[in-house]
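The model shown is predicted, which means the values in this text are computed figures rather than measured ones. Hydrogens, waters and symmetry mates play no part in the numbers below; they use all other heavy atoms, side chains included.
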Amino acid sequence: MAMDVHVRDLRYFVAVAEELHFTRAAERLYVSQPALSKQVRALERHLGVELFRRDPQGVTVTEAGAALLPHARRVLDAWSDGTAALEAARAAARSTLVVGMSTSPGRGGLLPAIRSRFTAAHPDTVLRLRQVSWEDPTAGLADGDADIAFVWLPLPDAERYGWTVVAEEPRLVALPQSHPLAPRPEIDFADLLDEPFLALPTGAGPLRDYWLALEERAGRPPRIGAEIAGTEETYEALVAGLGVCLVATGNAPLITLGGVVTRPVRGLAPSRFALAWRREDARRPLVRAYAEACRRVAGGS
């Protein structure tokens with residue numbers, strides 16, 4: 001027996017079997033009654049069995065039809081599940097991906113390059129950038145406002161997140177141009193221990209400690225000159241002489257606008273800039289696609 005039966009034919013068969021009336025079944029299927037009758041006859045010929053008895057008293061299901069009915073229903077249910085899954089995949093491809101950041105990645109056009117690669121593969125997806133205060137070191141991941149985010153490591157509650165490192169950059173010190181240490185081409189971190197430092201908000205957790213270089217202070221507490229939660233605040237605090245601060249090499253151009261200089265620092269490990277996501281979202285197609293685009297761009301491929 002040939003088994004290549006169309007889903008449409010099974011749908012027609014099930015409708016007639018449930019209605020036991022060709023006209024009502026046709027109305028349910030939004031087809032004409034003659035077309036439905038013709039298609040069911042063609043299915044019977046194809047299968048080599050009679051599925052219905054037609055007589056003046058009405059329509060009844062034959063033994064063969066009764067045997068086929070539960071299997072036909074399962075096939076239709078499975079097809080319905082399959083089309084629903086396909087539609088969900090299409091909807092995901094057309095949806096919005098929110099990319100969080102506290103500072104624009106910059107770094108040689110990294111962000112436009114990632115966008116270009118990602119949108120080439122997902123043209124129906126809307127990419128939306130969300131700028132976040134430095135008070136949230138996860139750039140929107142922790143509260144669910146971002147699907148994926150550019151962040152500085154370390155992250156608070158690091159076990160909640162996965163990430164790929166985009167860049168490793170030396171930490172420089174930013175200081176007023178009039179500062180006594182500014183003429184030096186390079187500065188030892190030991191010479192900065194007594195300086196007042198600009199600090200991220202306390203809510204930044206381990207990231208605040210990192211940019212204060214607590215690990216390199218050997219237990220010596222930092223002096224906090226002021227708290228800063230954004231690039232403009234940082235620049236204004238530096239110009240006002242409220243303190244010095246550590247900054248990644250890639251971010252130095254954002255604050256050396258006039259009256260502020262940066263210098264290399266001996267004795268500090270480099271900073272790590274990363275693209276991060278929540279671990280439970282690691283299998284989301286758009287999150288994976290954006291992360292892959294980022295990896296390829298950062299790797300130069």
Side-chain angles (χ1 to χ4, degrees), residues 92-156 158 160-172 174 200-201 204 207 210-211 228-235 245-257 260 262 270-279 281-301:
R94 294 192 301 267
S95 62
T96 298
L97 188 73
V98 180
V99 182
M101 62 185 68
S102 57
T103 304
S104 176
R107 292 160 177 79
L110 177 72
L111 197 60
I114 296 172
R115 173 186 285 273
S116 177
R117 184 179 286 271
F118 176 82
T119 54
H122 299 273
D124 294 327
T125 300
V126 176
L127 279 179
R128 186 161 63 85
L129 302 182
R130 181 177 183 270
Q131 195 79 23
V132 181
S133 163
W134 291 350
E135 293 177 7
D136 178 6
T138 72
L141 290 178
D143 59 14
D145 284 350
D147 300 305
I148 201 162
F150 289 98
V151 300
W152 291 98
L153 302 180
L155 285 169
R160 290 187 58 195
Y161 308 103
W163 59 77
T164 183
V165 175
V166 175
E168 288 197 1
E169 300 175 349
R171 281 182 284 179
L172 310 177
L200 296 178
L207 199 60
Y210 179 79
W211 289 105
I228 40 92
T231 304
E232 290 184 7
E233 286 183 28
T234 304
Y235 174 72
C245 70
L246 299 179
V247 59
T249 301
N251 285 349
L254 300 176
I255 56 174
T256 51
L257 305 177
V260 174
T262 58
S271 62
R272 293 190 299 159
F273 189 56
L275 180 73
W277 52 87
R278 291 177 293 273
R279 288 194 181 276
D281 292 338
R283 293 187 177 275
R284 284 181 55 194
L286 293 182
V287 169
R288 293 175 64 182
Y290 193 90
E292 180 60 23
C294 180
R295 276 190 285 264
R296 289 184 175 274
V297 169
S301 61

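Taking 4.5 Å as the limit, some side-chain heavy atom of Phe118 sits within range of a side-chain heavy atom of Thr125. The closest side-chain heavy-atom distance from Pro270 to Glu168 is below 4.5 Å. Inter-residue side-chain proximity for Leu153 and Val165 is flagged as met; some heavy-atom pair is nearer than 4.5 Å. Contact annotation: the side chain of Leu97 never approaches that of Val126 to less than 4.5 Å [non-hydrogen atoms, C-beta and beyond]. Side-chain atoms of Ile255 and Thr231, non-hydrogen and from C-beta on, do get closer than 4.5 Å to each other. You'll find the side chain of Phe150 reaches within 4.5 Å of the side chain of Leu111, heavy atoms only.
Scanning for side-chain hydrogen bond (donor to acceptor under 3.5 Å, both in side chains) contacts around Arg160 gives an empty result, with sequence neighbours left out. Residues meeting the side chain to side chain contact (heavy atoms under 4.5 Å, CB included) test with Pro156, sequence neighbours left out: Pro137, Thr138, Pro206. Under the rule for a side-chain hydrogen bond (donor to acceptor under 3.5 Å, both in side chains), Arg272 has no partner lying at least two apart in sequence or in another chain. Taking the side chain to side chain contact (heavy atoms under 4.5 Å, CB included) definition, one finds that Ala158 meets it with Trp163, sequence neighbours left out. Take Trp211 and apply the ring pair (Phe, Tyr, Trp, His ring centres under 6.0 Å) test, not counting sequence neighbours, and it matches Trp152. Under the salt bridge (Lys or Arg N to Asp or Glu O under 4.0 Å) criterion, Asp147 pairs with Arg284, sequence neighbours left out.
Contact detail for Ala149 and Leu141: the closest heavy-atom pair is CB-CG, 3.8 Å. Across all non-hydrogen atoms, the minimal contact from Arg278 to Gly140 is NH1-O, 4.2 Å. In plain terms, the two heavy atoms of Asp145 and Arg130 that are nearest each other are OD2-NH2, 2.9 Å. Annotation for Val247 and Ala252: closest pair CG2-N, 4.1 Å, computed over non-hydrogen atoms. What you find for Trp277 and Ala291 is that their closest heavy atoms are CZ3-CB, 3.9 Å. Here the closest non-hydrogen pair linking Ile148 and Ala276 is CG1-O, 3.2 Å.
For Glu232, the CD atom sits in a loose shell: 12 or fewer heavy atoms of surrounding residues, nucleotides or ligands are nearer than 6.0 Å.
The distance from the CZ atom of Arg295 to the OG1 atom of Thr164 is 5.0 Å, given to the nearest 0.5 Å. The structure places NE2 of His122 at 6.0 Å from CG of Leu286, a figure rounded to the nearest 0.5 Å. Note that CG of Asp124 and OG of Ser95 are 10.0 Å apart. Values are rounded to the nearest 0.5 Å.
The side-chain contact (heavy atoms from CB on, under 4.5 Å) with Tyr235 is formed by just one residue from the set Ile228, Thr256, Val260; it is Val260.
Contact check on Arg288 versus Glu292 returns no salt bridge, with no Lys/Arg side-chain nitrogen under 4.0 Å from an Asp/Glu carboxylate oxygen.
Cation-pi geometry between Arg171 and Tyr210 is met: the NZ or CZ atom falls under 6.0 Å from the ring centre, inside 45° of the normal.
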